[in-house]
Chemist: 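Let me begin by handing over the structure; questions about it come next.
Bear in mind the structure is a predicted one, so any value in this text is a computation, not a measurement. Whatever order the structure lists ligands and atoms in, that order sets their numbers, starting from 1.
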Amino acid sequence: MDQETLKRNVMSALAGVVHPHTGEDIVSAGHVHNLEVDAEGNIRFAVLLRPEDPGALVREARSAAEAVEGVSGVKVNVQLPQAGKAGPSEVSPSGRGPAAGSGGGGLRPGSVPAPTPAPGLLSEVDHVVAVSSGKGGVGKSMVATNLATALAREGLRVGLLDADIYGPNIPRMFGETRRPQVTGEKGKEMIEPLEAHGVRLMSLGFLLEDEQPAIMRGPLIAGILKQFLEQVNWGPLDVLVVDMPPGTGDAQLSLVQTIDVHGAVMVSTSQAVSTGDVRRGVKMFERVNTPVLGVVENMAGEIFGEGGAETMAREMGLPFLGRIPLDVAVRRAGDAGTPTVLSQPDSPAGLALAQVAARVFEGLRRESVTGPASGTGSPA
Ligand SMILES: Nc1ncnc2c1ncn2[C@@H]1O[C@H](COP(=O)(O)OP(=O)(O)OP(=O)(O)O)[C@@H](O)[C@H]1O
Ligand SMILES: [Mg+2]
């Protein structure tokens with residue numbers, strides 16, 4: 001079947017998806033944009049999702065497209081309406097935008113606009129997984145470090161991007177003090193990731209001369225992230241793990257708007273403040289159609305309690321990925337630059353972290369077969 005025919009068939013399949021609130025089909029209602037079809041039958045399109053639209057719209061659009069004969073793969077990019085002070089208008093050809101200043105137009109008023117992830121960006125990377133939380137200091141970087149290392153130990157090609165530009169701690173956790181090389185001709189320079197414990201690494205911590213005031217970095221978040229995705233020579237990877245900064249703000253949004261994130265891993269302690277923040281984080285990822293692969297409970301034990309994050313995961317219908325005990329050896333491993341899954345693979349924490357890695361990879365594989373089905377996953 002030629003590409004034009006396939007494209008037409010996909011369009012008419014999408015026109016069969018009806019918006020549950022308005023009864024209008026999503027094509028006529030202007031939700032579908034930028035449909036592209038390649039020679040292999042891979043299709044890609046954007047779905048405009050306003051705050052009042054159900055996230056299920058995206059899932060239904062994806063299923064409709066997947067069901068078309070001749071389609072071999074489907075990528076859906078979620079577009080959020082532009083916030084009031086949007087940049088270049090690349091969001092929606094129909095020019096739909098929220099009422100400026102209404103405060104209700106975007107996910108977060110004033111957040112970055114929502115471009116469609118560039119086709120081809122990270123095209124050699126099979127899976128991108130973001131490690132996130134609501135609260136700071138709960139062990140995201142520790143989990144990201146061990147997740148990446150454990151997957152690399154299994155023979156996968158793994159990268160780890162430190163997206164925490166305020167407090168990059170990936171260099172310390174990997175014991176890396178080298179500086180990355182810049183290669184390529186002038187104007188097309190690429191930064192080479194550093195490789196440690198079998199993982200390809202990039203962090204602002206490798207590039208900063210000395211501690212630059214955090215306030216200067218704030219407005220640069222989206223730009224730096226984008227550069228780390230576009231100008232770092234990641235090469236072919238099975239998994240790129242992204243260690244997110246705390247919170248559910250601009251960094252999370254700019255990431256999901258720059259590349260297709262295949263899943264988020266949420267880290268929480270057992271405490272209510274932490275699980276509450278994770279709930280908000282989960283909603284944010286679901287809102288932008290990023291599947292949440294599950295919840296890791298960290299620092300379990302007498303001090304922070306135990307079981308709170310697992311209960312929350314169950315209540316939200318999310319897979320529970322494992323419980324990591326609070327163990328001083330974990331902190332020491334972090335400080336010494338050798339991840340626990342390598343330095344103490346048979347310790348309770350080492351075993352739990354390896355299990356988390358296995359379940360995450362299983363979840364990624366399932367997502368790539370079935371497409372996003374957030375909130376309905378079953379524990380591995
Ligand atoms: N299970 C654990 N047992 C003991 N120490 C831990 C455990 N998990 C994390 N830590 C330690 O707690 C500190 C915070 O962990 P980490 O830096 O991974 O948190 P984070 O969520 O990335 O923090 P931030 O929000 O600042 O980025 C680190 O010193 C780490 O080594
Ligand atoms: Mg961190």
Chemist: Check whether any N, O or S atom of Ser141 sits under 2.8 Å from the Mg ion (ligand 2).
Modeler: yes
Chemist: Say whether Gln271 and Thr269, considering side chains only, have a donor N or O and an acceptor N or O under 3.5 Å apart.
Modeler: yes
Chemist: Give me the residue, atom name and distance of the protein heavy atom closest to atom 17 (O) of ligand 1.
Modeler: Met173 CE, 3.7 Å
Chemist: Testing the 3.5 Å rule here: is there a donor-acceptor pair between the side chains of Asn169 and Ser141?
Modeler: yes
Chemist: Are any of the N/O atoms on Asp164, whether in the backbone or the side chain, positioned under 3.5 angstrom from an N/O atom of ligand 1?
Modeler: yes
Chemist: How close does the nearest protein non-hydrogen atom get to atom 10 (N) of ligand 1, and which residue and atom is it?
Modeler: Met299 CE, 3.7 Å
Chemist: Using a 3.5 Å cut-off on N or O atoms only, is Gly334 in polar contact with ligand 1?
Modeler: no
Chemist: Using a 4.5 Å cut-off on heavy atoms from C-beta on, say whether the side chain of His127 contacts that of Leu240.
Modeler: no
Chemist: Would you say Val138 and ligand 1 have an N/O pair spaced under 3.5 Å apart?
Modeler: yes
Chemist: Please check whether Asn298 reaches ligand 1 - meaning an N/O of the residue sits under 3.5 Å from an N/O of the ligand, judged on distance alone.
Modeler: yes
Chemist: Which residue supplies the protein heavy atom nearest to atom 7 (C) of ligand 1, what is that atom called, and how far is it?
Modeler: Val330 CG1, 3.6 Å
Chemist: Report yes if some heavy atom in the side chain of Leu35 is under 4.5 Å from a heavy atom in the side chain of Met11; otherwise report no.
Modeler: yes
Chemist: May I ask you to check whether Ser141 has an N/O atom sitting below 3.5 Å from an N/O atom of ligand 1?
Modeler: yes
Chemist: Does the pair Lys135/Asp277 count as a salt bridge with the N-to-O cut at 4.0 Å?
Modeler: no
Chemist: For the residue pair Leu237 and Asp126, establish whether any side-chain heavy-atom pair is separated by less than 4.5 Å.
Modeler: no
Chemist: Please indicate whether Glu195 has more than 12 foreign heavy atoms, meaning atoms of other residues, nucleotides or ligands, lying under 6.0 Å from its CD.
Modeler: yes
Chemist: Is there a donor in the side chain of Ser268 and an acceptor in the side chain of Ser274, or the other way round, less than 3.5 Å apart?
Modeler: yes
Chemist: Pro325 heavy atoms, cut-off 4.0 Å: which ligand 1 atoms fall inside?
Modeler: 1 (N), 2 (C), 3 (N)
Chemist: Could you tell me whether Val143 approaches ligand 1 through its side chain, its backbone, both or neither, with non-hydrogen atoms closer than 4.0 Å?
Modeler: neither
Chemist: Does a side-chain N-to-carboxylate-O contact under 4.0 Å join Arg44 and Asp260?
Modeler: yes
Chemist: Run the numbers for me: atoms of ligand 1, each under 4.0 Å from some heavy atom of Gly136, listed by number.
Modeler: 25 (O)
Chemist: Between Glu315 and Arg279, is there a side-chain N and carboxylate O pair less than 4.0 Å apart?
Modeler: yes
Chemist: Could you find the nearest protein heavy atom to atom 20 (P) of ligand 1 and give me its residue, atom name and distance?
Modeler: Lys140 N, 3.4 Å
Chemist: Check whether any N or O atom of Arg172, backbone or side chain, sits under 3.5 Å from an N or O atom of ligand 1, and answer yes or no.
Modeler: no
Chemist: Are any of the side-chain heavy atoms of Pro345 and Leu351 separated by less than 4.5 Å?
Modeler: no
Chemist: Return yes or no for this condition: an N or O of Asp327 is under 3.5 Å from an N or O of ligand 1.
Modeler: yes
Chemist: Pairing donors with acceptors under 3.5 angstrom, does anything connect the side chains of Lys226 and Thr258?
Modeler: no
Chemist: So, for atom 13 (C) of ligand 1, does the protein have a heavy atom nearer than 4.0 Å?
Modeler: no
Chemist: Against heavy atoms of Leu326, which atoms of ligand 1 measure under 4.0 Å?
Modeler: 1 (N), 3 (N), 4 (C)
Chemist: I need the contact type for Ser133 against ligand 1. Using non-hydrogen atoms and a strict under-4.0 Å cut-off, is it side chain, backbone, both or neither?
Modeler: neither
Chemist: Would you check the N or O atoms of Met142, main chain and side chain alike, for any that come under 3.5 Å of an N or O of ligand 1?
Modeler: yes
Chemist: Tell me the protein heavy atom at minimum distance from atom 31 (O) of ligand 1, and give that distance in Å.
Modeler: Arg331 CA, 3.4 Å
Chemist: Given Pro348, Gly301, Pro246, Gly139, which one has a non-hydrogen atom that is nearest to atom 16 (P) of ligand 1?
Modeler: Gly139
Chemist: Does a side-chain N-to-carboxylate-O contact under 4.0 Å join Arg359 and Glu362?
Modeler: no
Chemist: Below the 3.5 angstrom mark, is there an N/O of Gly137, backbone or side chain, next to an N/O of ligand 1?
Modeler: yes
